[in-house]
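First the structure, in the form of structure tokens, and then the observations on it.
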Amino acid sequence: MTTTQRPDTLHRILDYSSRPDPYPLYAELRETPVAQQEDGSYVVSTYREIADLLHNPHLSSDVRNLAHPMPTHEGEATPAFINLDPPEHDRLRRMAMRHFGPPHAPGLVAGMEGDMTAVVNSLVEGFAGKEQIDVVDDFAYPFPVTVICHLLGVPREDEPRFHLWVDALVNSIDYNPKTDPKEKLENGLRARKDMRHYLGGLLEQRHGQPGDDLLTRLANDDGPDGRMTDEEIVSTAHLLLIAGHETTVNLITNGMLTLLRHPQVLQRLRDDPGLVVPLVEELLRYEPPVHIIPWRAAYSDITVADTVIPKGSQIMLMLASGSRDPDRFHEPDRFDPDRRDNQHLGFGSGIHLCFGGPMARLETQIALTELVRRLDRPRLVADPPPYRQSPILRGPIHLPVEQS
């Protein structure tokens, strides 16, 4: 059975005018859990179907399995492991994880808590005497950028260079050749090339050198799986540098915006800092940093909710819609930090479950706890605030807040 849907629903979600509140449109999408679009792709919007697909071995993350190639992946000779399938995905992720978390470096993220707190304190102290701050520019961006640069071994002073590259890359993720200027794609491809060249130069300096940063460890490690090639290390570092701050910026900013819209919860967090752990989980469900996985490929014909998706088809997974599915979550449009059984899709699921999820959680827990504790009667200047262009990595581009 082929299920179709009003084609304007997805178009309206992708349109910038919907960025402040796409959730009513997600509800519209969920009326048709699997919907074929005009271009032959399929949109999946309900929790159970998304979760099943994220664990389905017949779904591919490798662009080469699409019947029609993706222009945004042109020239990507060595994909990052997020764009690969087993066994290559498993090998590269395992090699990176040796130096990032369990089982080989179980204390890495927890051991960064002191340094994270020091960075947060320094940024918050910069608010002194200011009647208005921008949560993004003054806090939510510089904090995770500083952390990921330290972890990878990327000079913090080079941030202005890669900031421009990251912006161009993120802007090109949702490139549509029918509606977008070719310049949008070209800028993204050029930025990917420039960033990889930059990271390759840093990597050359690390071979045979001692050091605790991730680039140095990957450059000199011979583990059970051998050693990554330089191209594989650059692809991994490229992924972690972008994902290591872009999503966390959104999570912190969306979190502060949500708390300012729910002053009773803000006061609860101020009175009980321990609330921050379940609160961040609810944020990942209610206002996630990543709304859409823009494509997966069907290895073979797949049947999802009585709809047959042909081999090679592009499948778009609407994560944020799934996390607001009333068939899975009670009163899904209510922000409830006391919510139980909160198996949200904020970090995806399956073999591609967000690699940096533990670090993003800890960063956001520290950030929100300190902001709430130290800002004096914070108030939104504009609601809704201005949003980034991307419907995929959704969050405010600025969040001006007044304090007494």
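All values derive from a computational prediction rather than experimental measurement.
A salt bridge links Glu28 and Arg12; the closest N-O separation between the charged side-chain nitrogens and carboxylate oxygens is under 4.0 Å. Ionic pairing of Asp338 and Arg268 is present here: one or more N-O contacts between side-chain nitrogen and carboxylate oxygen are shorter than 4.0 angstrom. We find that Glu232 and Arg91 are joined by a salt bridge, their nearest charged nitrogen and carboxylate oxygen being less than 4.0 Å apart. Between Asp327 and Arg48, none of the side-chain N atoms (NZ, or NE/NH1/NH2) sits under 4.0 Å from a carboxylate O, so this pair counts as no salt bridge. Salt bridge status for Asp85 with Arg64: absent, with no side-chain N to carboxylate O gap under 4.0 Å. Note on Glu281 versus Arg361: salt bridge recorded, some NZ/NE/NH1/NH2 to OD/OE distance being below 4.0 Å.
In this structure, a donor-acceptor pair under 3.5 Å is absent between the side chains of Arg339 and Asn342. Looking at Ser235 and Arg196, their side chains do bring a donor and an acceptor atom within 3.5 Å of each other. A donor atom on one side chain and an acceptor atom on the other are not found under 3.5 Å apart for Asn83 and His89.
No donor-acceptor pair under 3.5 Å is formed between the side chain of Arg296 and the backbone N or O of Ser61. For His245 (side chain) and Leu241 (main-chain N/O), a donor-acceptor pair under 3.5 Å exists by modelled atom type. Judged purely by atom type and a 3.5 angstrom limit, Ser41 has no side-chain atom pairing as donor or acceptor with the backbone of Gln37. With Arg217 contributing its side chain and Arg98 its backbone, the two residues share no donor-acceptor pair below 3.5 Å. With Arg379 contributing its side chain and Arg377 its backbone, the two residues share a donor-acceptor pair below 3.5 Å. Although no hydrogens or angles enter the test, the distance criterion places a donor-acceptor pair under 3.5 Å between the side chain of Ser313 and the main chain of Pro310. Distance alone, capped at 3.5 Å, is enough to place a donor-acceptor pair between the Asp138 side chain and the Asp134 backbone. Using modelled atom types, no side-chain atom of Ser45 and backbone atom of Ser321 make a donor-acceptor pair closer than 3.5 Å. With Asp62 contributing its side chain and Asn65 its backbone, the two residues share no donor-acceptor pair below 3.5 Å. The backbone N or O of Ala219 sits nowhere less than 3.5 Å from a side-chain atom of Arg206 that would complete a donor-acceptor pair.
Annotation: His207, atom NE2; neighbour count of heavy atoms from other residues, nucleotides and ligands within 6.0 Å is above 12. Heavy-atom neighbours of Glu113 CD from other residues, nucleotides or ligands within 6.0 Å: at or below the threshold of 12.
Partners of Tyr47 according to the ring pair (Phe, Tyr, Trp, His ring centres under 6.0 Å) rule, which considers only residues two or more places apart in sequence or in another chain, are Phe329. For His344, the ring pair (Phe, Tyr, Trp, His ring centres under 6.0 Å) criterion is met by no residue, not counting sequence neighbours. Evaluation of the side chain to side chain donor-acceptor pair (under 3.5 Å) rule for Thr258 yields no partner, not counting sequence neighbours. The salt bridge (Lys or Arg N to Asp or Glu O under 4.0 Å) search around Asp225 returns Arg94, not counting sequence neighbours.
For His291 and Tyr26, the gap between ring centers is short of 6.0 Å. The aromatic ring centres of His262 and Phe335 sit less than 6.0 Å apart.
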Can you check side-chain contact (heavy atoms from CB on, under 4.5 Å) on His11 and Glu38, steps first, answer last?
CA-CA 11 Å; His11 295 166; Glu38 293 173 318; 3.6 Å; yes

Show the numbers, then the answer: is there a side-chain contact (heavy atoms from CB on, under 4.5 Å) between Ile133 and Lys130?
CA-CA 7 Å; Ile133 63 165; Lys130 293 183 178 180; 4.2 Å; yes

Full working for side-chain contact (heavy atoms from CB on, under 4.5 Å) between Arg374 and Asn121
CA-CA 10 Å; Arg374 298 178 64 176; Asn121 287 335; 2.9 Å; yes

Show your working on side chain to side chain donor-acceptor pair (under 3.5 Å) between Ser122 and Glu125 and close with a plain yes or no.
CA-CA 5 Å; Ser122 175; Glu125 285 164 7; 5.3 Å; no

What verdict does the side chain to side chain donor-acceptor pair (under 3.5 Å) test give for Asp15 and Ser17, after you've listed the backbone C-alpha separation in whole Å, the side-chain angles of each residue and the deciding distance to 0.1 Å?
CA-CA 6 Å; Asp15 187 86; Ser17 64; 2.5 Å; yes

Stepwise salt bridge (Lys or Arg N to Asp or Glu O under 4.0 Å) test for Asp221 and Arg227:
CA-CA 6 Å; Asp221 178 57; Arg227 183 179 297 193; over 6 Å; no

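Counting only heavy atoms from C-beta outward, the side chains of Met316 and Ile293 never approach each other to under 4.5 Å. Two residues are said to be in side-chain contact when any heavy atoms from C-beta on lie closer than 4.5 Å; His55 and Ser349 meet this criterion. Side-chain contact between Gln132 and Val401 is absent, with no heavy-atom pair separated by less than 4.5 Å. When side chains are defined from C-beta on, His238 counts as touching Ile242, because their heavy atoms get closer than 4.5 Å. Contact check for Ile292 versus Leu319: no side-chain heavy atoms found under the 4.5 Å cut-off. Inter-residue side-chain proximity for Leu25 and Leu29 is flagged as unmet; no heavy-atom pair is nearer than 4.5 Å. Within the 4.5 Å cutoff, the side chain of Val249 has heavy atoms near those of the Pro144 side chain. Inter-residue side-chain proximity for Arg93 and Phe355 is flagged as met; some heavy-atom pair is nearer than 4.5 Å.
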Give the table of side-chain donor-acceptor pairs shorter than 3.5 Å for residues 149-166, with sequence neighbours excluded, one pair per line with atom names and distance.
unit_1: Arg156; atom_1: NE; unit_2: Thr146; atom_2: OG1; d: 2.9
unit_1: Asp158; atom_1: OD2; unit_2: Tyr198; atom_2: OH; d: 2.6
unit_1: Glu159; atom_1: OE2; unit_2: Tyr141; atom_2: OH; d: 2.6
unit_1: Glu159; atom_1: OE2; unit_2: His163; atom_2: ND1; d: 3.0
unit_1: His163; atom_1: ND1; unit_2: Tyr141; atom_2: OH; d: 3.4

Report, one line per pair, each donor and acceptor closer than 3.5 Å where one atom sits in a side chain of residues 380-393; sequence neighbours left out.
unit_1: Asp383; atom_1: OD1; unit_2: Arg261; atom_2: NE; d: 3.1
unit_1: Asp383; atom_1: OD1; unit_2: Arg261; atom_2: NH2; d: 2.5
unit_1: Asp383; atom_1: OD2; unit_2: Arg261; atom_2: NE; d: 3.3
unit_1: Tyr387; atom_1: OH; unit_2: Arg394; atom_2: NH2; d: 3.4
unit_1: Arg388; atom_1: NE; unit_2: Asn250; atom_2: OD1; d: 3.3
unit_1: Arg388; atom_1: NH1; unit_2: Glu246; atom_2: OE1; d: 2.6
unit_1: Ser390; atom_1: OG; unit_2: Ile392; atom_2: N; d: 3.0
unit_1: Ser390; atom_1: OG; unit_2: Leu393; atom_2: N; d: 3.0

